Amino acid sequence: MDNAWDCIELVQGDIVEQDTDAIVNAANRTLLGGGGVDGAIHRAAGPKLYDECLTLGGCNTGDAKITQGYKLPAKYVIHTVGPIYKEIDEDERLLASAYRRSLEVAVQHGCRTVAFPSISTGAYGYPLEQASIIALQTIQSFLKKNRDVLKLVRIVLFGKEALEIFQKNLDELSGRVPEENYMQPKNEAEND
């Protein structure tokens with residue numbers, strides 16, 4: 001079986017432009033739109049997304065629900081609610097659950113490719129360093145058990161700093177050598 005880390009892809013970009021089977025929406029508990037990623041997804045998908053979300057009865061923190069993608073390139077939108085960061089142990093459990101439940105819902109609906117934003121790191125205030133480790137470990141653990149279904153989990157990051165933090169942690173967790181270390185062979189004999 002292939003290394004599950006190899007199925008995780010990091011990109012800087014816009015979640016609404018992803019052509020994966022599903023994209024994940026970092027939603028609020030109402031699922032009726034808001035700011036940031038949530039608002040952008042609702043605007044791009046069009047009013048039918050809001051109408052379908054009205055029928056779902058909201059979503060608990062750490063859980064996930066699915067809708068059609070409507071005008072988005074993705075067939076589905078998986079709405080998950082991450083925790084508002086309070087510096088308590090429950091934060092980590094709920095953030096991991098938001099990623100895991102999103103992946104479970106994706107598999108239940110036959111998705112082979114999924115794109116995530118960085119959940120809870122915007123207005124909800126989760127520190128990016130900690131959140132990236134939780135996200136990567138949760139995704140990798142799920143992929144190890146579901147590689148026969150899921151082929152790609154893409155994490156779409158808004159800015160360069162977020163991409164660099166996720167990449168550093170992916171390299172460390174997966175045991176990869178960062179790319180810049182490949183390009184500079186060390187040969188002390190040349191300097192003597």
Side-chain angles (χ1 to χ4, degrees), residues 1-27 31 37-38 41 45 49 52-53 56 59-70 72-83 89-121 124 126 128-158 162-163 165-176:
M1 180 179 279
D2 293 338
N3 185 346
W5 291 113
D6 293 338
C7 298
I8 300 174
E9 178 181 73
L10 304 177
V11 299
Q12 185 178 340
D14 189 338
I15 192 82
V16 302
E17 295 173 357
Q18 303 307 306
D19 62 355
T20 49
D21 295 333
I23 62 170
V24 176
N25 180 14
L31 303 183
V37 167
D38 193 11
I41 288 173
L49 179 61
E52 185 175 356
C53 285
L56 298 179
C59 185
N60 292 325
T61 303
D63 201 0
K65 296 188 176 180
I66 194 167
T67 63
Q68 296 298 310
Y70 299 102
L72 294 164
K75 181 176 182 182
Y76 297 111
V77 178
I78 299 170
H79 307 265
T80 193
V81 182
D89 291 342
E90 187 75 351
D91 294 339
E92 183 175 339
R93 186 188 71 75
L94 289 170
L95 184 59
S97 179
Y99 280 97
R100 187 173 40 261
R101 284 292 300 133
S102 296
L103 292 166
E104 288 169 356
V105 168
V107 167
Q108 289 165 2
H109 287 80
C111 297
R112 297 175 66 75
T113 59
V114 181
F116 278 90
S118 180
I119 298 168
S120 287
T121 58
Y124 283 11
Y126 215 113
L128 194 55
E129 179 72 28
Q130 293 169 299
S132 66
I133 292 169
I134 294 164
L136 291 165
Q137 289 177 328
T138 303
I139 293 167
Q140 187 269 349
S141 177
F142 189 87
L143 283 170
K144 276 174 42 179
K145 299 173 189 141
N146 293 278
R147 280 283 286 121
D148 56 326
V149 180
L150 274 175
K151 300 301 180 192
L152 171 70
V153 176
R154 179 180 297 149
I155 303 173
V156 183
L157 300 154
F158 183 71
L163 179 62
I165 289 170
F166 265 83
Q167 187 65 59
K168 173 185 72 78
N169 287 321
L170 178 60
D171 291 342
E172 288 175 6
L173 291 167
S174 67
R176 293 181 187 150

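Please read these numbers as outputs of a predicted model, since none were measured by experiment. Numbering starts at 1 and runs along the sequence shown.
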Within residues 101-119 or reaching into it, pairs that qualify as salt bridge (Lys or Arg N to Asp or Glu O under 4.0 Å) - sequence neighbours excluded: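 Sorted result for residues 101-119: Asp63-Arg101, Arg101-Glu104.
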Is any side-chain heavy atom of [X] closer than 4.5 Å to a side-chain heavy atom of [Y]?
X	Y	answer
Phe166	Leu163	no
Lys65	Leu31	yes
Val107	Phe142	yes
Pro83	Glu90	no
Val81	Thr61	yes

Inter-residue atom distance [X].[atom1] - [Y].[atom2], 0.5 Å rounding:
X	Y	atom1	atom2	result
Asp148	Asn146	CG	CG	6.5 Å
Leu10	Ile155	CG	CD1	5.5 Å
Thr138	Ile119	OG1	CD1	9.5 Å
Asn169	Ser174	CG	OG	10.5 Å
His79	Leu56	NE2	CG	6.5 Å
Ser120	Asp91	OG	CG	8.5 Å

Looking only at non-hydrogen atoms, find the nearest pair between [X] and [Y] and report the distance.
X	Y	answer
Ala162	Leu128	CA-CD2, 3.4 Å
Val156	Ile15	CG1-N, 3.8 Å
Val77	Leu72	CG2-CD1, 3.5 Å
Cys111	Leu150	O-CD2, 3.6 Å
Leu157	Ser118	CD2-CB, 3.9 Å
Tyr99	Pro117	OH-O, 3.5 Å

Please answer whether the main-chain N or O of [Y] pairs with a side-chain N or O of [X] as donor and acceptor at a distance below 3.5 Å.
X	Y	result
Arg154	Gln18	no
Asp171	Arg176	no
Thr121	Tyr126	no
Ser102	Ala98	yes

Within a reach of under 6.0 Å around NZ of Lys151, are more than 12 heavy atoms found that belong to other residues, nucleotides or ligands? yes
For the CD atom on Gln130, are there more than 12 heavy atoms of other groups (residues, nucleotides or ligands in this structure) within a distance under 6.0 Å?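 Buried by this count: over 12 neighbours within 6.0 Å.
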Taking only residues two or more places apart in sequence or in another chain, which ones pass side-chain contact (heavy atoms from CB on, under 4.5 Å) with Glu52? Thr55, Thr67, Gln68, Tyr70
Mind running side-chain contact (heavy atoms from CB on, under 4.5 Å) on Asp38 and Asn25 for me, showing each step along the way? CA-CA 6 Å; Asp38 193 11; Asn25 180 14; 2.8 Å; yes
